[in-house]
Amino acid sequence: MSKVRVLVGTRKGAFILTSDGKRDKWEVSGPFFAGWEIYHMKGSPVDPDHIYASQTSGWFGQLVQRSTDGGKTWHQPGVPDGDAKPVWPPVISNKFVYDASAETGKPLTTHQWYDGTQHPWEFKRVWHVKPSLTDVNTVYAGVEDAAIFRSMDGGESWQELPGLRGHGTGPKWQPGAGGMCLHTILLDPTNPQRMYIAISAAGAFRTDDGGQTWKPINKGLHSPYIPDPAAEVGHCVHHIALHPARPHVLFMQKHWDVMRSNDAGDNWTEVSGNLPTDFGFVIDVHAHEPETIYVVPIKSDGEHFPLDGKLAVYRSRTGGNEWEALTKGLPQKDCYVNVLRDAMAVDTLDKCGIYFGTTGGQVYASPDGGDTWQAIVHDLPAVLSVEVQTLA
Amino acid sequence: MTAGDTHTVQVALPYHLRTLARVEGDVAIEIAGPVTVRSVLDALEARYPMLMGTIRDHVTQQRRPFLRFFACGEDLTHDPPDAPLPEAVAQGKEPLMVVGAIAGG
């Protein structure tokens with residue numbers, strides 16, 4: 001019988017929730033890396049027992065951890081476990097260095113700061129990890145300050161794909177309230193040369209040559225909070241999602257506005273439709289229905305909680321514009337949590353399961369495409385990310 | 001203390017770094033040559049490579065802003081990294097303390 005494994009990153013550690021295919025009884029393991037912020041965990045599509053985790057701390061910096069047994073044990077790639085003897089040359093693990101060399105494109109060292117001045121690029125943390133679709137040892141990392149890195153040795157060493165920062169608009173990028181983070185990486189399963197990324201607050205970008213060169217794909221976005229609302233870059237994109245069977249169709253939750261592109265991001269149209277508010281962070285696509293999408297509307301950029309204290313997922317079966325509220329099993333009074341950008345995921349069982357986590361520490365699951373919900377845990381630390389693995 | 005001396009220095013790490021290094025209590029580090037913050041941290045990272053980048057930034061080698069270095073009741077954080085540490089630290093009688101700043105209420 002199939003199993004489901006939910007990987008939950010929180011402000012104070014990682015948790016792994018497991019269930020059989022019925023998805024009504026759950027076991028909770030963790031915390032792993034107790035006390036550290038776990039921005040994201042993601043398993044390899046090649047071998048789901050290989051899981052990468054971003055472990056970070058305001059005190060101690062950034063680490064990447066890896067498990068090869070489904071999350072039971074973890075290690076830092078390249079670092080001997082335990083009280084090992086010194087090695088020479090010293091192990092260099094988890095080192096993220098921006099590539100400013102002339103050989104790899106235009107060296108770029110500054111971006112726009114909050115006050116409009118230029119500010120040096122400074123590495124802070126990994127927001128998002130994305131294992132390759134074909135190689136268990138290749139993984140991408142989206143980082144703050146915004147850049148994309150790749151490891152081809154299981155997370156031991158990291159190299160920037162500098163073409164993203166080097167293509168010319170970098171000096172116009174600026175941090176959003178959460179920092180200038182590259183938070184979304186999407187891989188096209190039909191075209192290994194194509195990737196999409198998104199940055200707050202710069203926008204969405206695409207490469208068609210495996211990450212060597214990139215271009216902004218923000219045409220059609222309208223952001224009245226920037227000087228030119230239709231600028232090439234500067235948009236606060238919160239998340240992007242695609243269905244693997246139709247990877248040229250993209251769905252976006254922007255700061256405000258839910259957007260859709262039918263041409264790999266070249267053009268966007270708004271599909272907020274009848275949503276009660278089109279501010280939010282998460283967006284995802286049903287595993288078997290490419291036109292069924294999900295968002296969690298949040299009241300506003302100044303009030304990061306559901307409207308009227310009622311938590312609701314909204315589903316569109318028409319790829320946007322027409323939305324229905326899904327509330328059965330979700331709190332309908334006095335609920336003032338947020339759902340952060342990486343905190344929604346879907347499984348691939350016959351009846352698609354939908355999952356999301358909240359800043360109040362709940363992880364909600366729906367085993368029936370959103371019709372009904374239950375909290376599978378209630379009291380975790382604030383949830384930063386949720387990913388789901390469907391296991392044979 | 002001369003450049004040829006070898007010392008065993010005690011280092012007190014904050015809880016999260018002890019967990020990361022999978023050690024309990026203070027760690028004993030062998031130092032060949034002068035005992036300074038830099039030489040202690042170099043030896044510590046060689047012994048426990050999982051700590052690389054956690055006390056000093058990987059690239060700049062600067063102390064992370066929320067960490068402090070104390071020893072013998074003194075705050076040595078802002079001393080030059082190559083300044084000799086107190087003799088009691090070099091002799092292993094007092095630990096070099098790596099302390100996480102209290103922040104967050």
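Protein chains get the first letters and strands the later ones, always in sequence-line order, with residue 1 at the start of each.
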Counting C-beta onward and ignoring hydrogens, is there a side-chain heavy-atom pair between [X] and [Y] closer than 4.5 Å?
X: Val79(A); Y: Met52(B); answer: no
X: Met50(B); Y: Asn94(A); answer: no
X: Phe96(A); Y: His58(B); answer: no

[atom1] of [X] to [atom2] of [Y]: how many Å apart, nearest 0.5 Å?
X: Phe123(A); Y: Thr60(B); atom1: CZ; atom2: OG1; answer: 12.5 Å
X: Asp57(B); Y: Glu122(A); atom1: CG; atom2: CD; answer: 9.5 Å
X: Gln65(A); Y: Leu20(B); atom1: CD; atom2: CG; answer: 6.5 Å

Contacting region of Pro65(B) [heavy-atom separation from chain A under 4.5 Å]: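 Neither the backbone nor the side chain of Pro65(B) comes within 4.5 Å of chain A.
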
Leu67(B), part contacting chain A, at a heavy-atom distance under 4.5 Å: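 Just the side chain, heavy atoms under 4.5 Å.
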
Chi angles and distances behind the side-chain contact (heavy atoms from CB on, under 4.5 Å) call for His16(B), Phe60(A): CA-CA 9 Å; His16(B) 284 309; Phe60(A) 309 116; 3.5 Å; yes

Heavy-atom neighbours of Lys12(A) NZ exceed 12 at 6.0 Å: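 Atom NZ in Lys12(A) is not crowded, with 12 or fewer foreign heavy atoms closer than 6.0 Å.
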
Glu24(B), CD atom: more than 12 neighbouring heavy atoms under 6.0 Å: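 No, CD of Glu24(B) has 12 or fewer neighbouring heavy atoms, counting only those of other groups under 6.0 Å.
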
